[in-house]
*Asks:* 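Provided herewith is a single structure, encoded as structure tokens, for subsequent inquiry.
So you know, we letter chains A, B, ... as the sequences are listed, proteins then strands, and number each from 1. Keep in mind that the numbers below use all heavy atoms, side chains included, and drop hydrogens, waters and symmetry copies.
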Number of protein chains: 2
Amino acid sequence: MILKYDEVVRTGIARQVSDNIRSAIMDGRLKIDERLPTEEELARSFGISRPTVREALKRLAAQNLIHSKRGPTGGNFVKRPDPEGLSKAITGAATLLVGIGAFDIEEIITARLETEAVCCRLSAANRSEADLAAMEAEIAVQLDETISDEDFCASDVRFHRALVDSTGNGPLKLMMYTVIEAFIPITNMIVFRVRERRHVASLHQEIVDAVRARKDAKAADALARLLAYVRESYSAVLDARAKRDVPSQASA
Amino acid sequence: MILKYDEVVRTGIARQVSDNIRSAIMDGRLKIDERLPTEEELARSFGISRPTVREALKRLAAQNLIHSKRGPTGGNFVKRPDPEGLSKAITGAATLLVGIGAFDIEEIITARLETEAVCCRLSAANRSEADLAAMEAEIAVQLDETISDEDFCASDVRFHRALVDSTGNGPLKLMMYTVIEAFIPITNMIVFRVRERRHVASLHQEIVDAVRARKDAKAADALARLLAYVRESYSAVLDARAKRDVPSQASA
DNA sequence: TTTAAATATAGGTTTGACAAATAGGGGAAT
DNA sequence: ATTCCCCTATTTGTCAAACCTATATTTAAA
């Protein structure tokens, strides 16, 4: 028997069961795509009721560790972990963190600058023609003055995603999802009003040109100017707010 | 009424309910620390049974969005999103990805080198005396030859964590947890046999010295040599394996 | 006034049942 | 004999009604 009941004492049976199964998955005792025992069997082998087993399984499903299927060939299966699903989860949580103001915009911009500069460097070394084309395509979108602000911001996010993808480094891409899905949107949300699209697009173009020419330093420099512009725009927003809300305290 | 039943059509009631509540939290319709209606009330207002409501709530609990408390003042409460919890989740998933071999060690080392170099740079600018002391303390542990390999690796992880913390950049710390909790352990797991502790500790010391002296370039250089050593050790492990397993195919 | 027991309220768990999806087999029509 | 359709078995999905357990509040006794 793969799963054992761990001498439970008091509370949180569902939690303990889910932890038990989770560690079985992590340890490799349960392999990918393997089918778990039926819920009834689990209930019997753990000595608990089926709804409790189901609560435990739901926890795992919420963490994208298993998925379920009905019918004779159905059951609960160990899910192949996918970076996509992980990035979705990260995105949601990081967005919440940003939403409650856990980070201030200054440190977000600094983090963006430093980590995206890394991407520029690696991109210059590893980018393919397809990567360059993807970035150029987004710049083309950004130069179209008829699109909405939302579309512009979405294209901005896709541009940076393409930049990250062009590094060809899986672990780095995983880390950068947080930046792309949470930090870029929040910076955009703040500065999109005062930002000039053409200027942003031209800085994007500089990055692509440098990456195409394998000039990592140039790309990093263009990125630095892009984020300096973002920082500047942010200050402009702050000033405007200060002037509007509390005219006597316009400096801070 | 805050929560509404969304004209469900077919399957996945629990899922729909959890999505419904989740978006209420994300939108801010449910604020932090606010108490949800009791499970019974939720069941009534959604027109479903309490076990189903509980499954939905378990999903949210698994995503660290709510927590529950028993008793008269108990209930299900919207949880304040914390970077710790998020990093735990990321770590677990990233560890799984590493475990199934989604990334190869080369790209992990590259990602570590680039991102930790960023930390060196920011650390040199922002480190406090307490940060330096924390790093020194770990080096002291690493110089104690009586400790086990596990303890040495754990101290190694804590050293790098201290380095990341010393940047004082919240968003960056969030991203770096993936490196610290998933990527460093996996690299350690592979190379710990052939690595010389004293050499590793002395490179750690070089990093601290450079950071103390506000020399970001020197710190980054020491880090680069540390990871070059890791890469070298990894090659040694590979060679040893090749020689042992398939003597005729020792190159790759 | 302090302390301890009773109570009310909420989540935690169980039992037992039925509904819904689905793969596979068996029977009827061609 | 082959093909198509329905039927059934299996497994997850949902429901209902209870009882258990933890805990804050209230009440009563010392």
Side-chain angles (χ1 to χ4, degrees), chain A residues 1-3 5-22 24-25 30 33-79, chain B residues 2-3 5-22 25 30 33-79:
Chain A
M1 190 199 304
I2 293 172
L3 304 169
Y5 192 60
D6 256 351
E7 280 308 322
V8 172
V9 256
R10 287 288 169 81
T11 58
I13 296 180
R15 162 144 203 155
Q16 292 175 356
V17 170
S18 78
D19 286 349
N20 188 321
I21 298 176
R22 175 172 29 252
I25 294 173
L30 287 169
D33 289 334
E34 185 172 339
R35 198 189 112 165
L36 303 185
T38 68
E39 297 180 350
E40 207 164 341
E41 283 168 347
L42 283 173
R44 242 185 306 120
S45 82
F46 279 98
I48 59 178
S49 72
R50 196 176 144 227
T52 306
V53 168
R54 283 181 59 74
E55 284 195 2
L57 295 176
K58 283 302 163 193
R59 298 179 73 93
L60 299 175
Q63 291 167 10
N64 263 294
L65 285 172
I66 64 171
H67 66 101
S68 58
K69 220 181 80 179
R70 285 202 269 206
T73 63
N76 289 286
F77 299 85
V78 178
K79 203 165 170 176
Chain B
I2 292 172
L3 304 169
Y5 193 61
D6 255 351
E7 282 306 321
V8 172
V9 257
R10 287 290 169 82
T11 60
I13 297 179
R15 164 147 200 151
Q16 292 175 354
V17 169
S18 78
D19 286 349
N20 189 321
I21 298 176
R22 176 174 28 253
I25 294 173
L30 287 168
D33 289 332
E34 184 171 340
R35 200 190 108 167
L36 302 185
T38 70
E39 297 180 351
E40 209 164 340
E41 284 169 346
L42 283 173
R44 241 184 307 118
S45 82
F46 280 99
I48 59 179
S49 71
R50 189 167 158 235
T52 305
V53 167
R54 283 180 59 77
E55 283 195 3
L57 295 177
K58 283 299 167 194
R59 300 179 71 93
L60 299 174
Q63 291 169 16
N64 263 296
L65 286 172
I66 64 172
H67 66 100
S68 57
K69 218 182 78 177
R70 286 203 268 204
T73 63
N76 291 96
F77 299 84
V78 178
K79 203 165 171 177

*Asks:* Measure the shortest side-chain to side-chain distance between V17(B) and T52(B) over non-hydrogen atoms and say whether it is less than 4.5 angstrom.
*Replies:*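 No; the side chains remain at least 4.5 Å from each other.
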*Asks:* Return the 5'-most residue of the pair K69(A), T73(B) with respect to DNA chain D, ranking by each residue's nearest nucleotide.
*Replies:* K69(A)
*Asks:* With a 4.5 Å heavy-atom cut-off, do I21(A) and L60(A) have their side chains touching?
*Replies:*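 Yes - at least one pair of side-chain heavy atoms lies under 4.5 Å apart.
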*Asks:* Do K58(B) and E55(B) have side chains that approach each other closer than 4.5 Å (heavy atoms only, starting at C-beta)?
*Replies:* no
*Asks:* Could you check which of dT15(C), dA21(C), dC15(D) has an atom nearest any side-chain atom of P51(A)?
*Replies:*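 It is dT15(C).
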*Asks:* Round to a whole Å and report the spacing from CG of N76(A) to C1' of dG13(D).
*Replies:*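 Computing the N76(A):CG to dG13(D):C1' distance gives 11 Å.
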*Asks:* Heavy-atom distance under 4.5 Å between the side chains of L57(A) and L36(A), does that happen here?
*Replies:*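 When only atoms from C-beta onward are counted, L36(A) and L57(A) do touch, with a gap below 4.5 Å.
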*Asks:* Closer to the 5' end of DNA chain D via nearest nucleotide, is it V53(B) or R50(B)?
*Replies:*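 Upstream on the strand: V53(B).
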*Asks:* Roughly, in whole Å, what's the span from CD in E41(B) to C1' in dG11(C)?
*Replies:*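 Going from E41(B) (CD) to dG11(C) (C1'), I get 13 Å.
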*Asks:* So does S68(B) get a side-chain nitrogen or oxygen closer than 4.0 Å to the phosphate oxygens (OP1/OP2) of dG12(C)?
*Replies:*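 Yes, within the criterion.
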*Asks:* Would you mind reading off the distance between L42(B) atom CG and dC15(D) atom C1', rounded to a whole angstrom?
*Replies:*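 Rounding to the nearest Å, CG of L42(B) and C1' of dC15(D) are 16 Å apart.
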*Asks:* Give the nucleotide from the list dG13(D), dT14(D), dG11(C) with an atom nearest to the side chain of R70(A).
*Replies:*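 Nucleotide nearest to R70(A)'s side chain: dG13(D).
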*Asks:* Between dT14(D), dT14(C), dA10(C), which nucleotide has the shortest distance from any of its atoms to the side chain of I48(A)?
*Replies:*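 Among dT14(D), dT14(C), dA10(C), the one nearest the side chain of I48(A) is dT14(C).
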*Asks:* Distance check needed: dA21(C) C1' versus I13(B) CD1, whole Å only.
*Replies:*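 Result: 14 Å.
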*Asks:* Can you figure out which of dT11(D), dA16(D), dG11(C) approaches the side chain of S49(B) most closely?
*Replies:*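 The answer is dA16(D).
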*Asks:* Under 4.0 Å, counting only non-hydrogen atoms across every strand here, what does R35(B) touch: a base, just sugar-phosphate, or nothing?
*Replies:* sugar-phosphate
*Asks:* I want to check one thing: is the phosphate of dT14(C), taken as OP1 and OP2, less than 4.0 Å away from some side-chain N or O of T52(A)?
*Replies:* yes
*Asks:* On DNA chain C, does the nearest nucleotide to G71(A) precede the nearest nucleotide to E55(A) from the 5' side, or the other way round? Give the residue.
*Replies:*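 Of the two residues, E55(A) wins.
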*Asks:* What's the NZ-P distance between K58(B) and dG11(C), to the nearest Å?
*Replies:* 11 Å
*Asks:* Can you tell me the distance, in whole Å, between the CD1 atom of I66(A) and the P atom of dT11(D)?
*Replies:*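 Between P of dT11(D) and CD1 of I66(A): 16 Å.
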*Asks:* Using only side-chain N and O atoms of R54(B), determine if any of them is under 4.0 Å from OP1 or OP2 of dG12(C).
*Replies:*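 Result: yes.
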*Asks:* Between P on dA16(D) and CD on E39(B), what's the gap in Å once rounded to a whole number?
*Replies:* 15 Å
*Asks:* Kindly check if the number of other-residue, nucleotide or ligand heavy atoms within 6.0 Å of CZ (R15(A)) is above 12?
*Replies:*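 No, because the 6.0 Å sphere around CZ of R15(A) holds 12 heavy atoms or fewer from other groups.
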*Asks:* Return whichever of P72(A) or E40(B) has its heavy-atom-nearest nucleotide of DNA chain C closer to the 5' end.
*Replies:* E40(B)
